[in-house]
Amino acid sequence: MFQFAKAPTYILLSALLSTSLPAIANNASSLPDIGTTAASTLTIDKEIEYGEMYMRIMRASRPIINDPVLSEYIQDLGHKLVANADGVKTPFDFFLIKNYEINAFALFGGNIGVHSGLFLHAKTESELASVIAHEIAHVTQRHLARTLEDQAKKNPATMAAMLGSLLLVIAAPEAGIAALHATTAISIQGMLNHTRSNEKEADRIGISTLAKAGFNPQAMPHFFERLAEQYRYTTKLPPMLLSHPLPESRITDSRLRANNYSVVRLPPSEHYLLAKSRMVARYVGFSQTSALNWFNTELKKAPANQHKELNYGKSLVYIDKGQYAKAQQLLLPLLTAEPNNLFYIDAATDLNLYQKQYDKAITRLENALQYQPESSVLQLNLANALLEAKRYQQSINILTRYSYQQPNDINGWALLAQNYAKQNKRDGELAAMGELAALRAQWGLAISNYTQAAQRAKLGSLDQARYDARLDQLRLQQAKFEALRSSF
């Protein structure tokens, strides 16, 4: 796993990995390079169940970035890599965490998280892809399951304890760390050996995936080398580098493996540069002033063919600052040149809505949807524009279809709740809020909301029947969730 934190306080799985259990990316032990399936510990179906459970808790406890534009970008990039990976046995889902530290991590069931800070340090899309390919390899090689299998052989109680501790780390890192100290009984040196073994395996397989997907395989060693140099003379290393060091042997190994593939010289990826600009403008912890300074500095250094992406980022900052004329001056030429670019359409929509130009935004989005009807970005933007224009039923129609197709997207349910609230349709609002609660494993709240929705609906109506049916489903989901968690 890539873990190069800049600060001693860390969250999420990195907190787990910097202590006594290298859970997600570690511990190949004496297992063969690829062969072990970990079937005696966890089935694939059980891994997927654990992954779903962990994701529900993560949504409630971690700053997940629910930005449709960036979510669509990271999903597209991730699935391009998955399509070229070997041994894929689970579905994959990619999500973003608002955190400036450099990290990416793999959960059970193909759930892969990427920190926003990674975009600041990856110079090219191939470098970002190399991190994600590395994490995909952790999933396809089932490194977490193999770790648990190894520990279960030594102590049958260990696997349940580690699963529970991982759950604690996701929900409350400090509590999880304490639990791990109490339940893990393996030596530090042994853990580090396992860590290095699994990391090298993930490097090797990740480089192969990277090359097959058409990215530059040299990106991984280049990224390693730059990070190692960055911290070479640091007097106090970040905890992640202490627990997951980048020894010269690993860097050399990745370089030699990458040399087995042809060098791929790719032009700068427009979508990656746009995603990076969007991250800098909104999700890496910069103030608006700092973000503008960053863009202005980069504009002085960047070649002319990369100015449009930086100007896009500046336009976002100006929109957020309420300086709409400055934003429009930068954004209009970009949109004119690329009218179907989702990054630009999204920004132009924001600008129109803030200026109360609802019809203009709606017309643009409806036209764009004719060419990209499946785009989450366009569907959510149009639903939001219709909401702002007080065309609530049209917005609800879009969101009802969208949420059926994308039931795990918080954006759809949140917009539905807002629409129903504007119409004073309390039962619909409660139902949508119930779905939001369920996505965060807040089962009591979800069931309470749906119970109230059913009580408010007209007796014998289709809505009441639908709410009652969903209540039954939620109770079953809650029972399954609690049974899974109580098995730890």
Side-chain angles (χ1 to χ4, degrees), residues 11-12 48 51-76 78-79 91-99 105 107 109-116 170-171 275 278-279 282-283 342 346 349-350 353 365 374-388 392 395-422 425 427-450 453 467 470 473-474 477-478 481:
I11 64 169
L12 210 65
I48 293 172
E52 181 185 345
M53 178 178 67
Y54 290 156
M55 281 304 301
R56 288 184 190 273
I57 291 176
M58 188 171 291
R59 292 188 195 103
S61 59
R62 298 292 138 224
I64 291 178
I65 297 173
N66 293 304
D67 181 310
V69 180
L70 291 173
S71 294
E72 191 161 302
Y73 169 77
I74 204 68
Q75 290 282 5
D76 288 347
H79 283 103
F92 274 83
D93 187 63
F94 302 87
F95 60 97
L96 297 161
I97 298 284
K98 186 178 181 180
N99 191 298
F105 56 90
L107 282 171
N111 296 293
I112 292 180
V114 177
H115 279 205
S116 58
I170 290 171
R278 192 175 182 90
M279 280 290 190
R282 291 178 170 168
Y283 301 110
L342 295 179
D346 175 88
T349 300
D350 286 349
L353 296 186
L365 292 163
E374 302 303 318
S375 170
S376 297
V377 173
L378 295 177
Q379 291 180 63
L380 289 170
N381 266 287
L382 179 56
N384 185 53
L386 291 166
L387 168 64
E388 294 293 327
Y392 303 124
S395 182
I396 287 171
N397 291 342
I398 292 171
L399 293 167
T400 301
R401 290 192 300 271
Y402 180 84
S403 295
Y404 177 79
Q405 296 167 346
Q406 306 286 344
N408 292 335
D409 189 341
I410 283 176
N411 294 299
W413 297 114
L415 284 172
L416 262 178
Q418 292 177 48
N419 269 289
Y420 284 123
K422 292 289 187 180
K425 292 184 177 180
D427 61 318
E429 181 187 5
L430 284 164
M433 291 171 63
E435 295 297 338
L436 289 171
L439 285 172
R440 298 178 174 121
Q442 296 165 344
W443 300 108
L445 180 58
I447 290 170
S448 174
N449 281 344
Y450 262 101
Y467 299 150
R470 185 60 178 138
Q473 292 175 341
L474 288 170
Q477 286 181 300
Q478 180 187 30
F481 181 94

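These numbers come from the heavy atoms of this one structure, side chains and all, not from hydrogens, waters or symmetry mates. One-based numbering along the sequence shown.
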Exercise. Can you tell if the side chain of I65 reaches within under 4.5 Å of the side chain of R282, non-hydrogen atoms only?
Worked result: no
Problem set entry | Side chains of I97 and F105 in contact at under 4.5 Å (non-hydrogen atoms) | yes
For this session: Report the C-alpha distance between E435 and L439 in whole Å, list the side-chain angles of each, state the deciding distance to 0.1 Å, and finish with yes or no for side-chain contact (heavy atoms from CB on, under 4.5 Å).
Result: CA-CA 6 Å; E435 295 297 338; L439 285 172; 5.6 Å; no
Exercise. Going from NE2 on H115 to CG on L96, what distance comes out if it is rounded to the nearest 0.5 angstrom?
Worked result: 10.0 Å
Problem set entry | Least distance between heavy atoms, Y283 atom then K98 atom | O-CG, 3.6 Å
Seminar exercise, completed: Per side chain to side chain contact (heavy atoms under 4.5 Å, CB included), S395 is matched among L387, T400, L415 by L387
For this session: Give, for atom CG of D67 and atom CZ of R278, the distance between the pair rounded to the nearest 0.5 Å.
Result: 4.0 Å
Exercise. Of all heavy-atom pairs between A432 and W413, which one has the smallest distance, and what is that distance?
Worked result: CB-O, 3.6 Å
For this session: Please tell me if the side chains of L380 and L399 come closer than 4.5 Å, counting only heavy atoms from C-beta onward.
Result: yes
Problem set entry | Atom pair CD1 (I57) and CD (Q442), whose distance is rounded to the nearest 0.5 Å | 10.5 Å
Exercise. CG/L416 to OG/S403 distance, rounded to the nearest 0.5 angstrom?
Worked result: 4.5 Å
Exercise. For the residue pair A385 and L365, what are the closest heavy atoms and their distance?
Worked result: CB-CD1, 4.1 Å
Problem set entry | Note, M58 side chain near L107 side chain (heavy atom, < 4.5 Å) | yes
For this session: State the CG-CG distance between D409 and N66, to the nearest 0.5 angstrom.
Result: 7.0 Å
For this session: Apply side-chain hydrogen bond (donor to acceptor under 3.5 Å, both in side chains) to Y420 and list each qualifying residue two or more places apart in sequence or on a separate chain.
Result: none
Exercise. Looking only at heavy atoms, which two atoms of N411 and P68 are closest? And how far apart?
Worked result: ND2-CG, 4.0 Å
Exercise. Do I48 and E52 come within less than 4.5 Å of each other through their side chains, counting heavy atoms only?
Worked result: no
For this session: Find the distance between CD1 (I64) and CZ (R440) and round it off to the nearest 0.5 Å.
Result: 9.0 Å
For this session: Sequence neighbours left out, what passes side-chain hydrogen bond (donor to acceptor under 3.5 Å, both in side chains) with Q418? Give chain and number order.
Result: none
For this session: State whether the side chain of E72 and the backbone N or O of S376 hold a donor-acceptor pair below 3.5 Å, judged by distance alone.
Result: yes
Exercise. Does the pair K425/E429 count as a salt bridge with the N-to-O cut at 4.0 Å?
Worked result: no
For this session: Assess whether side chain to side chain donor-acceptor pair (under 3.5 Å) is satisfied between Y54 and N111, documenting all intermediate values.
Result: CA-CA 9 Å; Y54 290 156; N111 296 293; over 6 Å; no
Exercise. Looking only at heavy atoms, what is the nearest atom pair of Y467 and A431, with distance?
Worked result: CE2-CB, 3.7 Å
Exercise. Quick one: do D93 and R59 make a salt bridge, cutoff under 4.0 Å?
Worked result: no
Exercise. Between N381 and D346, do the side chains contain an N or O donor and an N or O acceptor separated by less than 3.5 Å?
Worked result: yes
Exercise. Where do A446 and A437 come nearest, in terms of heavy atoms and distance?
Worked result: N-CB, 3.7 Å
